[in-house]
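Below you'll find the structure, written out as structure tokens, and then a few comments.
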There are 2 protein chains.
Amino acid sequence: MRQVDTLRRAPLTRDRVLRAAVDLADGTGIDALSMRNLAQTLGVVPMALYKHVANKEELLDGMLDVVVGEIDPPVAGTDWQAAVRERILSARRALLRHPWASRVLETRTAATPVVLQYMDSMIGMFRAGGFSVDLTHHVMHAMGSRILGFSQELFGTPPPSDAPIDPELGRQMAERYPYITEITTKVAHDDASVVGSGCDDQFEFEFSLDLILDGLERLRARGWTSRPD
Amino acid sequence: MRQVDTLRRAPLTRDRVLRAAVDLADGTGIDALSMRNLAQTLGVVPMALYKHVANKEELLDGMLDVVVGEIDPPVAGTDWQAAVRERILSARRALLRHPWASRVLETRTAATPVVLQYMDSMIGMFRAGGFSVDLTHHVMHAMGSRILGFSQELFGTPPPSDAPIDPELGRQMAERYPYITEITTKVAHDDASVVGSGCDDQFEFEFSLDLILDGLERLRARGWTSRPD
DNA sequence: GCGTGCTGGTGTACGCCGTACACCTTCCGA
DNA sequence: TCGGAAGGTGTACGGCGTACACCAGCACGC
């Protein structure tokens, strides 16, 4: 009986653990990912996981490595701006496939080798595009999390609420926050098909990505060195 | 005896709870802020807190309101760019006084009235500066968390490590991540006084803030309406 | 053939956490 | 004087991450 059980299931490996964790987070959300929970989906006792990952932090690191591993390599043969743009949009697609990833990423305190590798190749794209070492340095800071394909939206999608819409409350909103109201009504009017936040996230992402990339190209062309004034 | 105790300590109020929570987070870090812990510093039993805040999420919301309340109001009488710049730097100063705030902010799913008020006035500054409604909308997305004075640095300050520096490991780094090494050695060389990450966070913040603001001014002056092309 | 030691899964237990719920004061207004 | 609200208490529950001791099975040198 024991033997059957043992034989039936494939032996745990670090890789199996990570993949199962990614799947679990994809399916039921990152909040539902606990060591106990993950162990259960693998048909194993919680402590068994610790033979393959040191602790939960390392588990999360490994999960992010899986996600970052899905990002396409750089495309060759175009100008730096198009190449960087395309790569970042690839990163974005990877992150969108795993909605928990950006939130987890924000909690990391150190980069794994996989992430360092990605960063390094990203820096290489700027250097190859004619950016000086120190401009590239500031560029990486300016790109921030966008380099990994997400911009932390303050107050992401609110949890679905079944509260009835109170017209009185809407009036108070309009009174207290006139500018917010101005924008939200305009957006709602322009895009009647909208149900969620009313914003086209992809457009917003590309808008600000291009804003930054264009700014950087101008600095590069101008031969920016230090504080220009 | 009981009476003495009761009389001695000031009665709890929502305000006292929030201030104590902010102080505690400032002093010992956000991870050390638990309901039990907070209650103890207030000389009260954990459940007492729940008479003043609904739950921990609401406590965190309230703490952020305290921080946002410290941001200076807009300065009048300058061009939009200087005004926005100054206000954002004020927000940054507030956030720097409470290092936990940006991390907590990232976990919020809805804005409180205090935050909405801040956002609204910020939007107003762009509108007053001559931005159209829909450009302003995209502007707010492009600014992202920068509007509140922080840019989420991927992999913020690493926890202090007392591990001895392994020269062999450094050589491997240089081999595996040539571009990262190029930058870090240059930064370390330029700024010999540095001990931490080697980056002047304030400079990096202003660099990318100005990059964005300059880009926005150009869009505004050009009369940007929709996808330019 | 047989100890021996390693790899990986198990079971129990600890100390945290947020918070539901029932209780008991205290005090104020009718 | 009394009723009830407001605010502090005590106990308890279910969850979490994980330390630690244990044990099954296998590979290998003798």
Side-chain angles (χ1 to χ4, degrees), chain A residues 1-22 24-25 27-64 100 103-104 107-110 159, chain B residues 1-22 24-25 27-64 100 103-104 107-110 159:
Chain A
M1 201 54 168
R2 278 279 180 76
Q3 285 193 352
V4 174
D5 282 1
T6 318
L7 289 180
R8 172 145 40 209
R9 70 161 183 252
L12 237 44
T13 64
R14 182 181 163 88
D15 211 69
R16 273 201 356 114
V17 169
L18 294 183
R19 283 176 198 290
V22 169
L24 187 58
T28 63
I30 193 69
D31 292 334
L33 178 78
S34 66
M35 298 302 271
R36 289 169 149 88
N37 226 315
L38 174 58
Q40 196 169 18
T41 74
L42 285 164
V44 112
V45 92
M47 287 311 293
L49 301 175
Y50 288 85
K51 290 282 150 77
H52 303 278
V53 294
N55 48 45
K56 190 171 184 184
E57 289 297 289
E58 201 192 281
L59 175 76
L60 293 172
D61 280 346
M63 292 170 65
L64 288 179
W100 47 269
R103 270 187 46 201
V104 174
T107 69
R108 297 303 87 193
T109 58
Chain B
M1 204 53 168
R2 279 279 180 75
Q3 284 192 354
V4 173
D5 282 0
T6 320
L7 289 179
R8 173 144 40 208
R9 71 162 182 250
L12 236 47
T13 63
R14 181 180 163 90
D15 211 68
R16 275 205 348 121
V17 170
L18 294 183
R19 282 175 199 291
V22 168
L24 187 58
T28 63
I30 193 67
D31 292 335
L33 178 77
S34 67
M35 299 301 271
R36 290 169 148 88
N37 227 315
L38 175 58
Q40 196 168 20
T41 75
L42 285 164
V44 115
V45 93
M47 287 311 292
L49 302 175
Y50 288 85
K51 290 281 149 74
H52 303 278
V53 294
N55 48 46
K56 191 172 184 182
E57 289 296 287
E58 200 192 282
L59 175 76
L60 293 172
D61 280 344
M63 291 169 66
L64 289 178
W100 46 270
R103 269 188 46 201
V104 173
T107 69
R108 297 304 87 193
T109 58

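In what follows, every chain begins at residue 1, and chains take the letters A, B, ... in the order their sequences are listed.
Surrounding CZ of B:R14 are more than 12 heavy atoms belonging to other residues, nucleotides or ligands, all under 6.0 Å away. The number of heavy-atom neighbours closer than 6.0 Å to CD of A:Q40, taken from other residues, nucleotides and ligands shown, is 12 or below. More than 12 heavy-atom neighbours from other residues, nucleotides or ligands sit within 6.0 angstrom of CZ on B:R108.
Following rounding to the nearest Å, B:L60 (CG) and C:dG18 (C1') show an atom-to-atom distance of 12 Å. A:N55 places its CG atom 13 Å from the C1' atom of D:dA19, with the value rounded to the nearest Å. Whole-Å rounding puts the A:M47 CE to D:dA19 C1' distance at 7 Å. Atom pair A:D31:CG and D:dC16:P shows a separation of 11 Å (rounding to whole Å applied). As rounded to whole Å, 14 Å separates atom P of D:dC13 from atom CZ of B:R36. Atom pair A:Q40:CD and C:dT10:P shows a separation of 13 Å (rounding to whole Å applied). For the pair A:K51 NZ and C:dT7 P, the computed distance is 10 Å after rounding to whole Å. Here the P atom of nucleotide D:dC16 and the CD1 atom of A:I30 are 13 Å apart, to the nearest Å.
Of all heavy-atom pairs spanning B:E58 and B:V53, the tightest one is OE2-CA, 3.7 Å. For A:L59 against A:A21, the heavy-atom pair with the smallest separation is CD1-CB, 4.0 Å.
Within the helix from C:dG1-D:dC30 to C:dA30-D:dT1, the inter-axis angle between the opening and closing five-pair segments is 10°, rounded to 10°.
For the pair B:L49 and A:E57, both in contact range of DNA chain D, the more 5′-proximal nearest nucleotide belongs to B:L49. Looking at which nucleotide of DNA chain C each of A:V45 and B:P46 is closest to, the 5′-most match is held by A:V45.
When distances are taken from the side chain of B:M35 to each of C:dG18, D:dG17, C:dG9, the shortest belongs to C:dG18.
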Output, in order, the C-alpha distance, side-chain angles, deciding distance and verdict of side-chain contact (heavy atoms from CB on, under 4.5 Å) for A:L18 and A:V22. CA-CA 6 Å; A:L18 294 183; A:V22 169; 5.5 Å; no
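Residue B:K56 is classed as a sugar-phosphate contact, given heavy-atom separations below 4.0 Å to backbone atoms only.
Here B:H52 reaches the OP1 or OP2 of D:dG8: one of its side-chain N or O atoms lies under 4.0 Å away.
B:L60 contributes atom CG, which lies 8.0 Å from atom CH2 of B:W100 (distance to the nearest 0.5 angstrom).
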